[in-house]
Amino acid sequence: MNAAAPILTTGRAPSLQAVGMTKIFGPLVALDDVSIDVPAGSFHALLGENGAGKSTLVKSIMGFYSPDKGRVLLDGKEVSIKSPRDARANGIGMVYQHFTLVPCLTAAENLVISRADAPSIIDWAKEKKALAAFMEQMPFKVPLDAQVSSLSAGEKQKLEILKLLYLDQRFMILDEPTSVLTPGEADEMLGLLGDMAAKKEITVLMISHKFREVKSFCDGFTVLRRGKFTGSGDAQSASVAEMSQMMIGDTEVRERAARRVHNENREVLELAGLFAQDLDGADVIHAVNLKVNAGEIVGIAGVSGNGQSALVEALAGQRALSDGAIRIHGQAFEPKRASFDKFKVFGLPEEPLKNATVPRMSVAENLAFRAFDKPPVAKLGWWMSPGPMRSKAEELIALYRIKTTSPDAPIETLSGGNVQRAVLARELSGDVDVLIVANPCFGLDFASVSEIRSQIMEQRNRGAAVLLVSEDLDEILELADRVAVMSGGTINYISRIEDTDRNVIGQHMAGH
Amino acid sequence: MMESAFVTVLIAMLGGAIRVSTPFMFVGLGECLTEKSGRINLGLEGNLVLGAMVAYAVSYLSGNPWVGVLAAGGSGLVLGALHGYICKLPKVNDIAVGIAIMSFGTGTAFFFGKPFIQPTAPRLDAIHLGDWTGNAALAQALQVNPLFFVGIILAVAMSWAFANTRWGLIVRMTGDSAASARAMGVSVDLVRFLTTAAGGFLAGVGGAFLSLYYPGSWNQGLSSGQGLMAVALVIFARWDPIRCIWAALLFGAAGAIGPSLQSIGISQGYYFFNAAPYILTLFIMIASARSKGAAREVPGELSITK
């Protein structure tokens, strides 16, 4: 590529069609005769639940997988894409959910080395000049000399997109690009991309599950379900109901539990001036103060990486506090097994397979983690009998509709939704006073999401104090009675949910 | 009297640092290159010992010590390539393979090296940099082997290449984020194979220095774990070639404390002072394990930090 050439010339956006794409992994048909048509200069959304085949489709287009059947047409001409290198040569680029920037290199180094024709010996004076000229024409800026590891998530995302433009890749595939951005950043970025697409500078295919973004920025959409094409259309005229119908099909979605109005306001959980550090000794949370009442859900909103995980880890005993106190019913609470039992504290941590289960132990054993040292499973506190453990597991599996081949199957063989249900079954089957929940619905299908949110609401209605940490603002707006925003490791905003809105919360998420 | 003894010790330590540091330098630079690409080769001790044997044997048979140096590099290259090849097989742990290569290299060297313990091979010549001073001790300390300068030039070249060449950036990229490298169409296995082989070459050259210059003979106790200490050295140098040179000099000087004190007649604690490099290694490992800077600069793909 000639870096000195004008970058953003209009009318160079390509169109892309993939026809009859089929990909089979062993017994699983991941993609079954799927076609997608993205006209030049459009901003197209690819919708579908987790496991619907969206990733398989774009990875087949990108040459990561070789599809068993199907062809890709670029500007109407069939192209052969056997590797990501071929995709790049054809001007197709992708921004992955996990960044592909190299953290130890600077932004400039990342850009230059990504070029296929990167010179053997890099003349930095010349390259810097060319990069500065390139940046001049870009709608957004990133500091070129900063090490990527020091950039914020938003800046990294922008740099990924700049990289595609720098490489002259005018067909962009974006995989859930806004999951790490504040609502404001997301809107800004999607708006700019939308403008560029409207000027026919680029064509964008965006994987998303946020209807709000699809409705505000996209023009077309295609929906997949269980590896099959289930519909496409004009994103502006189609309703959210129609799109979600295409995504979830006729799956019965359990009715959401309603919020019961009550006038209890006993204070249950109190976080008083919590501090904790990371490995480098820098504060990951500082001066976190929060109170949660009985029968109340307090949602903690924030962009990923602002201390929410550290806070949940501190409450779960996975991270030591350097200062501050946790109090429950006014008594000091130390996150240890005995206190969890005494104060009836339960939790659904994020990534339950990693944080709340031992993946290779059986479902029955995992279900017994809270009870294996108490009667009836254990006698005298140490003699375990598998009988009661297994019958309790069978009971919970039936009650919470956990899909597993047997109680003896390793829990890692279960789907994400069923792992979450199993943890839910273990944590919520008793009497709950305090419930700590983190991103409970991340990556789950609609039916599971609905069921899990209902369970959380039921615990609230029964009088539990619920702390809900979520990166999904819609989840907080739906469930929480009060919202607290975490930014830079501390809580900078608390409000009753009816006294605030998405914009105000978004501004505080960005740290203002 | 006290003062001149002190100066004598200092001069002896300077000479010792220059002499003893060279193998550290080569093994350290080799390890640095390999680790920069995201792989650890603990087998460099094997490369070092095999290199020493091969250098001595080839020098003896050919009559030219520099041919011996190249042959030693070649033997190191082969061992490094072997490590690189085995590690790219699925589910292979580079640390375990490194330990196997270490035993394999030293074992091979002892097996083939038996006949070369007795004969005397032509040795590498030194450049006399200090003869003009008229001070015998200083002149002796400043007899510097050309390989010392080769090592320094190499370190500067590596440091420059990591920042200014495509290959340098690719090596750093592979070491810090294999996923990104793959996404850019870089073959991670190939890059690591090449850096391990090249690192092995350098370690072999370091071995040649041992048998052909200092101590300057071939026997089974020739290396005293320099190959393993080099791993600690690289961590101490935080994966920076220039800092590897300073670290090698420091290790060399530490190794020279015992002999230097002996040269002025202090032989008390001789063995204790000879253990200085090992004690230094221990403290460096403890200090760097606590260091925040090291944690930041470590290549992200290294199996010890993941």
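Just so it is clear: chains get the letters A, B, ... in the order the sequence lines come, proteins before strands, and each one is counted from 1. Worth saying up front: this structure is predicted, and the values here are computed from it rather than measured.
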*Heavy-atom distance under 4.5 Å to chain B: side chain of A/Pro103, backbone, both or neither?*
both

*For atom CZ of B/Phe283, is the number of surrounding heavy atoms from other residues, nucleotides or ligands below 6.0 Å larger than 12?*
no

*Write down the atom of A/Val102, the atom of B/Arg172, and the distance for their closest heavy-atom approach.*
CG1-O, 4.4 Å

*How long is the span from the CH2 atom in B/Trp239 to the SG atom in A/Cys104, to the nearest 0.5 Å?*
12.0 Å

*asked:* Please give me the minimum heavy-atom distance between B/Ser180 and A/Thr100, naming the atom from each residue.
replied: CB-O, 2.8 Å

*Identify the two heavy atoms, one from B/Arg166 and one from A/Ile122, that lie closest to each other, and give their separation to 0.1 Å.*
N-CD1, 4.0 Å

*Under 4.5 Å heavy-atom distance to chain B, tell me which part of A/Ser114 shows up: side chain, backbone, both or neither.*
both

*Got more than 12 heavy atoms from elsewhere within 6.0 Å of CZ, A/Phe275?*
yes

*asked:* Within a 6.0 Å radius of atom NZ on A/Lys141, are there more than 12 heavy atoms belonging to other residues, nucleotides or ligands?
replied: yes

*Can you measure from CD1 (A/Ile121) to CH2 (B/Trp167) and round to the nearest 0.5 angstrom?*
14.0 Å

*asked:* Out of B/Ala161, B/Ser177, B/Ala163, B/Gly175, return the one with the most heavy atom pairs under 4.5 angstrom to chain A.
replied: B/Ala163

*Can you tell me if NZ on A/Lys163 sees more than 12 non-hydrogen neighbours from other groups inside 6.0 Å?*
yes

*asked:* Contact between B/Leu169 and A/Leu105 at the side-chain level, heavy atoms closer than 4.5 Å - yes or no?
replied: yes

*What do you reckon, is OH of B/Tyr85 surrounded by more than 12 foreign heavy atoms closer than 6.0 Å?*
no

*asked:* Looking at B/Trp246, I want to see if its CH2 is surrounded by more than 12 non-hydrogen atoms of other residues, nucleotides or ligands under 6.0 Å.
replied: no

